[in-house]
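This structure is a prediction, so every number in the text was calculated from the model and none was measured. Chain A is the first sequence line, chain B the second, and so forth, proteins listed ahead of strands; every chain is numbered from 1.
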Amino acid sequence: MPEDTTDHPLLQNLNPPQMEAVMHTEGPLLILAGAGSGKTTVITRRIAWLIEEKGAHPGSILAMTFTNKAAEEMRDRVAQLVSVPVAQLWVSTFHSFCTRILRREGERTPVGRDFVIFDPSDQKSLMKQVLAELKMSEKQFHPRRVLEVISDFKNRCLLPEEAVEEALDPWTRKVLDAYTLYQKGLRNHRACDFDDLLLYTERLFRDDAMQQIYGDRFRYLLVDEYQDTNRAQYLLVQHLARRHHNLCVVGDEDQSIYGWRGADIRNILDFQRDFPEAVQIKLEQNYRSTQSILDAASTVIANNAQRLGKTLWTERGVGEPITFRLNDDGRAEAEWVVSKIQDARRFDRDIKIAVLYRANWQSRQMEEALRGANLPYKLVGGTKFYERQEVKDLLSYLRLIANPYDLQSFRRAVSSPTRGVGPTTLAKIEGAIPENGTALEGVAILLKAGELKGRAARELHRFVELFYRAANEASALGLAGLVRWTLHESGYLQMLEDEGTLEAEGRVRNLEEFLSAAAECESLGLRLSEFLDRVTLAADADQVDQSIELSLMTIHCAKGLEFPIVFVVGMEEEVFPNRQARETDEGLEEERRLFYVAITRAKAKLYLSGARRRRIMGTEMLGMPSRFLRELPEGALEHPIRWGTELYQAGQGAWTPERARGGSGASVATELTRIRSFFDKVRATAQVGSERETLPPASMPASELSAPSLPVPGEAWPKGTRIQSPRFGRGVITAATGSGEGLTYTIRFAEAGEKRIVARFGMLEREG
DNA sequence: CTAACATGTTCAGCC
DNA sequence: AACATGTTAG
């Protein structure tokens, strides 16, 4: 390699394979990037290299990421590396990219350009209608299951008539009938579900002219997380790459964890077959984790058959051994995790920690324990903001404004707040919808004909008028103005205010938050339909904030992230590996990859835990230890595990009825001191290359650490704290719930009695 | 028509 | 244990 190029700022601090990956710009390239191997750095430098060194126009580069958040971060990082504006750079998720294309070219699809995007709950209610119409019993045809099968077809780019050969049994043939009618329903609504976005776009790109236009335009393609692409995404990429073959895919077959939504691991395994001239580069040096953590990950994943094979290595030291803790039940497990977090906090007040679990329901017990200990945390995922009832209600109005064909939204909007319209009236309205017409037109026809009476007639008149007025005033009001206007004119806000309950108050707050989201999007220049797209395509992973000290999330959500300290809870059979997944070999291999992902999130210290007893769906269950514990390398755990009457040790293929070795491992103090020294080393070497690198700040004086319950802003005051409120006078905190902005105190006031007060609004002051 | 209550179902992961 | 759906009383 010539001397002068290695001096290039875009190549600084890169290892040889990383450099090669950055500089390889023409022709297909497969980058096999192991966990923590500096993948993101390579991708961003490569894009910058294309622009700065190859003179590529930013608008000729298309990069696909897995989350919107990752796309945003990538664009920011590229912007810092290059001297030209990057606004024209296309960095987005597959779904956002497809939405953008369909809004532009969509008059050629069955739903036109002004479609709405159906979320899973919209899909489900449409499917229920379909099943009812076809007289298919929901007992036999679980709506969710039927949608899953349809989704599988769509992910393989098969429309109903094309799936006939695949539908061999009578059950699947009936599902195909439902599929046909379901698509018809979507067309009538002018709606796409998530899969349609990919499917329709892929169809568009089958066209030569489209390939010509977009294939020319996007001279350089880059696909991240290639191991997680499904057939539709794969074909889409093939269409776009056909002209230039300048396709760079980055992936890691060991981190493929989305098989259940159609991801096909063969896409990455077969890349060399698709592009025989492809160059393959392996990034195997890990800049993230200690040797112990890496050893554990490698040993576990070696049990999988479907691999290309990589060997991760690190220059970091051995580090701390992995700690496993067996607890009596779920509550004890959560409390143990809390105590370990507190130990770590005492030592380094804002060290970043993540608690990871297999499924969202496992977060509850963790949350309870954290609240009990007054530890602030951020829960990622679970019930999403945009899935809350009040937000969905408001959205139904906005969606109806954007697309009056959306009958699902009509139904929702018309009965929230209630307008005296029940099933009977609703059926009448739907019967009155003209061919290719909207529900609002249907109502107008009935009103004119005098077929509606009483309260329903009065309210429906206002309701229809609301939408005519909205159409007229939308542009003058602006996005946020329109949202606020809708909130008032619909009577929705009034309804909540009339309720006067604490719950209703919370809902109003959520709607206010929604309003500020709208204002933010307005300032970005988004129009209503674009705002709605963004809302619907928002993912859990998008709300990850790496500056949060303590995060709770699923392992899926944690992919691509890293934390100094990681807990993986629920290490039991049936929980992890999950009950359904462990039934097939492929399922089990995917669970193992998931465990691999979990392990490799940790930089310095990995804690694993399990529980002997756990409440699952209300009933107490006895658990067996996860088989993955057994797959850890010998000596990875400090002690053998005694579970029930049996004894069990890492690195052994089977249960062994041996005597447990006594003694406890390192004390908390020495354990944490060693983690500290790890970080000192990390800081000293300050390597580039880890994904979303965040180094912990310098430690604080011991005197500050030992002080109990510091009045940290944003942290809850303990029970018994005396406070002063401008409205109610003096009082004492008797309880606290929620956290962050939702932190709410229950306070016993000297005069006013007991009140619940939201900390953010209460203007409370601590006394004394 | 609506709200409250009773019963049945789910807890796998997500764009 | 939480949620969705179905039933019943007002």
Side-chain angles (χ1 to χ4, degrees), chain A residues 64-71 92-99 117-121 123-125 128 138-139 142-145 147-148 151 154-155 192-199 225 228-230 232-233 256-263 330 356-365 368 380-384 386-387 389 414-426 453-456 459 499 533-542 553-559 570 574-583 587 590-591 593-594 597-598 614-621:
Chain A
M64 301 290 197
T65 59
F66 214 63
T67 64
N68 296 299
K69 177 102 176 175
S92 66
T93 63
F94 270 101
H95 287 88
S96 302
F97 170 77
C98 291
T99 306
I117 303 174
F118 263 22
D119 69 19
S121 67
Q123 288 177 272
K124 199 169 158 208
S125 48
K128 286 185 164 192
E138 289 193 15
K139 264 245 147 57
H142 258 38
R144 231 183 60 185
R145 177 75 195 123
L147 283 167
E148 264 171 36
S151 177
K154 289 186 174 184
N155 286 153
C192 284
D193 64 18
F194 288 136
D195 301 323
D196 286 339
L197 297 172
L198 301 176
L199 183 135
E225 307 285 5
D228 286 328
T229 51
N230 61 32
Q233 292 164 327
S256 163
I257 54 175
Y258 286 97
W260 49 274
R261 68 172 206 215
L356 308 181
Y357 34 81
R358 173 67 241 259
N360 272 312
W361 59 268
Q362 294 173 263
S363 69
R364 179 163 306 146
Q365 245 170 351
E368 282 167 14
V380 181
T383 324
K384 287 170 220 125
Y386 294 115
E387 278 171 17
Q389 190 190 313
V414 84
S415 51
S416 45
T418 56
R419 293 188 165 82
V421 176
T424 327
T425 317
L426 201 58
K453 302 194 171 48
R455 180 181 170 211
E459 301 244 31
E499 243 177 84
D533 290 345
R534 178 177 285 228
V535 164
T536 316
L537 294 177
D540 286 344
D542 296 332
M553 64 185 97
T554 61
I555 301 167
H556 281 92
C557 223
K559 189 160 84 149
E574 314 246 303
V575 177
F576 191 22
N578 173 273
R579 181 146 46 106
Q580 269 109 353
R582 47 179 226 144
E583 274 158 26
E590 184 156 310
E591 293 293 292
R593 291 193 291 268
L594 197 52
V597 168
R614 190 184 293 281
R615 273 191 115 78
I616 294 177
M617 278 190 264
T619 46
E620 196 93 352
M621 307 286 278

- Message: Please determine whether a side-chain nitrogen or oxygen atom of A/Asn360 lies at a distance below 4.0 Å from atom OP1 or OP2 of B/dC14.
- Response: yes
- Task: Please assess A/Phe94 against A/Leu197 for the test side chain to side chain contact (heavy atoms under 4.5 Å, CB included), listing each intermediate value before the final yes or no.
- Result: CA-CA 9 Å; A/Phe94 270 101; A/Leu197 297 172; over 6 Å; no
- Task: Taking all non-hydrogen atoms of both residues into account, name the closest pair between A/Glu138 and A/Pro143 and its distance.
- Result: OE1-CG, 3.8 Å
- Taking atom P of C/dA2 as reference, at what distance in whole Å does atom CD of A/Gln389 sit? 18 Å
- Query: Quick one: is A/Arg534 getting a side-chain N or O under 4.0 Å of the B/dC15 phosphate, OP1 or OP2?
  - Reply: no
- Phosphate-side-chain proximity, A/His142 and B/dT10, N/O vs OP1/OP2 below 4.0 Å: yes
- Message: Which residue is it: A/Thr536, A/Leu537, A/Val535? I am looking for the one with a side-chain contact (heavy atoms from CB on, under 4.5 Å) to A/Asp119.
- Response: A/Thr536
- Message: Between C/dA1 and A/Arg615, counting only base atoms on the nucleotide and side-chain atoms on the residue, is there a donor-acceptor pair under 3.5 Å?
- Response: no
- Indicate, with a heavy-atom threshold strictly under 4.0 Å, whether A/Arg358 touches base, sugar-phosphate, or nothing. base
- Heavy-atom closest pair, residues A/Arg582 and A/Pro577: CD-O, 3.9 Å
- Any side-chain heavy atom of A/Ile616 within less than 4.5 Å of one from A/Glu574? no
- Note on the structure: Residue pair A/Thr554/A/Ile616 against DNA chain B: nearer the 5' end by closest nucleotide is A/Ile616
- Query: How many Å lie between CG on A/Leu426 and P on B/dT2, as a whole number?
  - Reply: 11 Å
- Item | Phosphate-side-chain proximity, A/Thr67 and B/dC15, N/O vs OP1/OP2 below 4.0 Å | no
- Below 4.5 Å, heavy atoms only, C-beta onward: do A/Asn230 and A/Arg261 meet side chain to side chain? no
- Whole-Å distance separating the CZ atom of A/Arg145 from the C1' atom of B/dT9: 17 Å
- For A/Val421, which contact category applies under a 4.0 Å heavy-atom criterion: base, sugar-phosphate, or nothing? sugar-phosphate
- Whole-Å gap separating P (B/dC14) and CG (A/Asp195): 16 Å
- Separation of atom CD in A/Gln580 from atom C1' in B/dC11, rounded to whole Å: 9 Å
- Message: Side chain of A/Lys139 only, heavy atoms from C-beta on: which candidate in B/dC14, C/dA1, B/dT9 is closest?
- Response: B/dT9
- Query: Parallel, tilted or perpendicular: which fits the ring planes of A/Phe66 and A/Tyr258, with parallel below 30° and perpendicular above 60°?
  - Reply: tilted
- Query: Taking the nucleotide of DNA chain B with the closest heavy atom to each, which residue, A/Phe94 or A/Gly420, is nearer the 5' end?
  - Reply: A/Gly420
- Query: If you check the A/Trp260 side chain, which of B/dC14, B/dC15, B/dA12 turns out closest?
  - Reply: B/dC14
- Query: Which nucleotide in the list B/dC11, B/dC14, B/dA12 gets nearest to the side chain of A/Tyr258?
  - Reply: B/dC14
- Query: Nearest of B/dC14, B/dC15, C/dA1 to any side-chain atom of A/His556?
  - Reply: B/dC14
- Message: Given B/dA12, B/dT2, B/dC14, identify the nucleotide with an atom nearest to the side chain of A/Thr418.
- Response: B/dT2
- Which part of the nucleic acid, if any, lies within reach of A/Arg593 when heavy atoms closer than 4.0 Å are counted: base, sugar-phosphate only, or nothing? nothing
- Task: Would you mind reading off the distance between A/Leu356 atom CG and B/dG13 atom P, rounded to a whole angstrom?
- Result: 14 Å
- Looking at B/dC11, B/dC1, B/dC15, which one has an atom nearest to any side-chain atom of A/Trp361? B/dC11
- Task: For the side chain of A/Thr425, starting at C-beta, report the closest nucleotide among B/dC14, B/dA12, B/dC1.
- Result: B/dC1
- Query: Using a cut-off of 4.0 Å on non-hydrogen atoms, how would the nucleic acid contact of A/Ala581 be classed: base, sugar-phosphate, or nothing?
  - Reply: base
- Note on the structure: Between OH of A/Tyr357 and P of B/dC14 the distance, given in whole Å, is 9 Å
- Task: Measure from the side chain of A/Thr424, starting at C-beta and using heavy atoms only, and say which of B/dC14, B/dC1, C/dA1 lies closest.
- Result: B/dC1
- Task: Could you work out the separation of B/dG13 and C/dA4 based on their P atoms and round it to a whole Å?
- Result: 15 Å
- Message: With a 4.0 Å cutoff (strictly under), does any side-chain N or O of A/Lys124 reach OP1 or OP2 of C/dA4?
- Response: no
- Item | A/Glu590 CD - B/dG13 C1' separation (whole Å) | 8 Å
- Consider the side chain of A/Met617, meaning its heavy atoms from C-beta on, and name the nucleotide among C/dT5, C/dA1, B/dC14 that approaches it most closely. C/dA1
